[in-house]
Structures are given as structure tokens and as C-alpha cells.
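Atoms within a ligand are numbered from 1 in the order they appear, just like the ligands themselves. All residue numbers refer to positions in the sequence shown, counting from 1.
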Amino acid sequence: MQMPTPIILDCDPGIDDFIAIMMILAAPERFSLLGITVSGGNVPINFTAQNALKACELAERRDVKVYAGCPAPLLRPLVLEEGVHGVEGLKYVNLPTPKMLLQSTHAVDFLIDTLLNYPQKVTLATTGPLTNVALAIVREPRILDNIEEIVTMGGSMCLGNITPAAEYNFYADPEAAHILFTSGKKITAVSIDVTHQALTTSEWMEKLAKMGNPAASAVSAMVQGVHEYDTQNFETAGGALHDPCVIAYFLDPSLFKGTDVHVEIDTSHGVTRGRSTIDRWGKRGLTPNAHVFNEFNASGFFDLLTDLLFRYKRL
Ligand code: RIB
Ligand code: CA
């Protein structure tokens with residue numbers, strides 16, 4: 001019997017981050033969620049923090065601790081993604097103002113304290129700009145020894161989504177992403193090369209809406225925003241559920257197939273800002289610092305996600 005994985009999620013909810021939180025909380029037999037840390041990202045930090053609290057309350061998990069961290073990137077002004085997520089981050093959904101309060105500890109202090117002192121190695125999942133995590137690493141590099149695995153949603157081997165060159169999370173804070181990929185820890189990166197295969201369909205959204213539980217209904221409504229934005233802006237068949245792919249990887253790694261590669265982040269201020277140069281064929285002869293995926297079982301992913309959301313029916 002596998003013990004629950006001690007995990008911290010660093011995120012910027014945002015619709016897909018919200019769903020990632022709901023997935024973790026739907027599987028307490030697999031995850032021991034030590035805390036959620038948020039940063040500015042898709043929307044300003046006051047909204048990312050509130051949205052993380054809203055997810056915990058929707059999952060009826062007011063025991064979960066949510067920590068606010070860095071409102072903006074290390075060296076760049078915050079670039080929002082309101083077009084996708086709406087001004088407050090959960091487009092098309094109006095969840096009640098949370099009664100839960102944020103923790104008073106800063107997210108970076110929580111990350112350092114927990115990663116230094118927790119009795120087991122802790123898994124770190126990130127689904128937003130990497131500012132909090134990078135700052136924790138710079139302030140206290142010893143935390144890296146107590147991290148079991150870092151799985152981050154970010155990067156692209158091919159086209160970007162926020163610019164032609166870069167994926168949003170790495171674009172928003174390139175210096176933070178650089179710190180992560182030069183930390184000496186091998187990073188598992190779930191890039192848009194696979195998350196752009198995790199595409200919503202109208203049939204799936206309707207199935208969610210008919211599940212008859214508040215969590216599935218809220219997710220069904222909010223993914224409409226992603227579905228509309230992506231089909232209109234990327235000519236895709238549906239909306240990409242980026243961040244849920246990170247949680248799906250923990251729950252069923254067989255959905256993904258990948259390889260060890262070297263990744264370098266562009267910290268320039270030019271058109272390639274935030275670009276992740278992923279050396280898929282080892283042309284640079286550099287030691288791999290990451291594991292990235294190029295094959296993905298999309299139908300298996302949606303079966304998993306649907307099963308997890310269905311669990312809320314019994315709440
Ligand atoms: O590029 C996709 C990523 O940027 C996702 O994490 C989404 O939530 C946004 O933060
Ligand atoms: Ca995100």
C-alpha cells in the first residue's frame with residue numbers, strides 16, 4: 001500500500017491551476033498536501049490567493065494551508081494572462097468569497113521551513129511562474145537535498161503560447177526558470193508540447209456539467225474560457241489543460257513518454273525572452289538537467305481527470 005506523497009503545489013490560479021488543486025484534493029490516498037503557495041501570474045496575487053482558497057473550500061478542505069508569495073517576478077514586471085483566465089482568474093465562474101484565511105507566513109519562508117525540516121523528502125509541483133521556488137533556492141540552497149522531485153509545467157520544444165518563442169510560465173519569470181534549471185536538480189518539465197494535446201471537447205464539458213456535483217459543474221463552466229480562447233487563438237480543437245497534466249503525471253506516469261535532455265532558458269530582453277531551448281537530440285553535448293515529454297495519452301488523461309472530479313459527487 002503506497003503511502004500518500006508529501007507534496008507542495010506552487011501555482012497561479014488561473015483556471016487550469018484551479019483544476020490541478022481539485023485533482024490533488026480528490027486523491028488524499030495519493031497526496032499529502034503540505035501547502036499551496038501562490039504567486040502573481042495569470043492574474044494578480046490577490047486573486048491567485050483567493051482562487052486557491054476557493055478551490056480548497058469547493059473541495060470542502062478548509063484544513064489546507066495556502067501561502068501568498070511573490071506578487072511579481074524577480075526582475076520583470078508581471079505579465080498577466082487575463083485573456084485566458086478573466087480579470088479575477090476564474091472566468092465564467094463566481095464562487096463564494098472564501099471564509100478560509102491565508103496563512104500569515106510568506107510562501108518563500110514556508111517553502112524553506114518545510115523543505116528544510118519535513119521528516120521525509122517532499123515532492124514539489126509548480127504550475128505558475130517560478131518566482132517563489134527560485135527565491136527559496138537562492139536563499140537556502142540546502143532545500144534541494146530534501147526535494148524528492150520537481151515537476152514543473154512550463155516550456156516548449158517548439159512554438160510558444162505567450163510569444164512565438166516562449167511558454168507563459170517561463171516567459172513571465174525567465175530568471176526564476178533559469179535558477180531552477182541551473183540548480184543541479186533534474187527537473188521534470190511538462191511542456192506545452194504535451195499539454196497542447198490535453199484538449200477539452202464540448203462532449204467532455206457537457207459530461208462534467210451533468211455529473212451533478214458542484215466541483216464538476218464549476219470546472220465545466222470555467223474550462224469554457226480556456227476552450228474558447230485556445231480554439232480562437234491557436235486554432236486547436238479545444239482548450240489545453242496545462243497544469244492538470246502535472247498532477248496526472250504523478251498519478252499515472254504511464255500516460256507520458258519522455259527523455260532526458262538539456263534545457264536552457266533565455267533570460268534576454270528580446271524576442272526570445274523566456275524561450276526554453278530543449279536539446280532533444282543532445283546536439284550541444286551538455287549533461288541533461290531535465291526530463292521532458294514528447295508522447296502523451298490524452299484519452300487516458302481525460303479518463304483520469306473525469307474519475308477524480310466524479311469523486312466529488314459523494315461530498
Ligand atoms: O503556459 C501555460 C501556463 O501558463 C499554465 O500554467 C497557465 O495556468 C499559465 O500559468
Ligand atoms: Ca498556471
### Under-4.0 Å heavy-atom contact with ligand 1, by part of D17 that carries it
side chain

Of the protein's non-hydrogen atoms, which lies at the shortest distance from [atom], and what is that distance?
| atom | value |
| --- | --- |
| atom 2 (C) of ligand 1 | E167 OE2, 3.4 Å |
| atom 7 (C) of ligand 1 | D16 OD2, 3.3 Å |
| atom 6 (O) of ligand 1 | D243 OD1, 2.6 Å |
| atom 9 (C) of ligand 1 | N42 OD1, 3.1 Å |

### Residues clustered with L199, ILVMFWY side-chain links under 4.5 angstrom
none

### Task
Evaluate the ring planes of F110 and Y67, with Trp represented by its six-membered ring, and classify them as parallel (under 30°), tilted (30 to 60°) or perpendicular (over 60°).
parallel

### Query
Which value, rounded to the nearest 0.5 Å, describes the distance between S254 atom OG and Y249 atom OH?
11.0 Å

### Query
Would V261 and F296 show up in the same hydrophobic cluster when neighbours are defined by side-chain heavy atoms closer than 4.5 Å?
no

### Query
Are V66 and L124 connected in the hydrophobic side-chain network, where two residues link if heavy atoms are under 4.5 Å apart?
no

### Message
With respect to H242, determine whether any N or O atom, backbone or side chain, lies less than 3.5 Å from an N or O atom of ligand 1.
### Response
no

#### Entry: Metal site the Ca ion (ligand 2): N/O/S of T127 inside 3.0 Å
yes

### Task
Taking both backbone and side-chain atoms into account, decide whether D16 has an N/O/S atom under 3.0 Å from the Ca ion (ligand 2).
no

### Task
Can you sort out which atoms of ligand 1 are near Y168, meaning under 4.0 Å from one of its heavy atoms?
1 (O), 4 (O), 9 (C), 10 (O)

### Query
Do T131 and D173 meet the criterion of a side-chain donor-acceptor pair at a distance under 3.5 Å?
yes

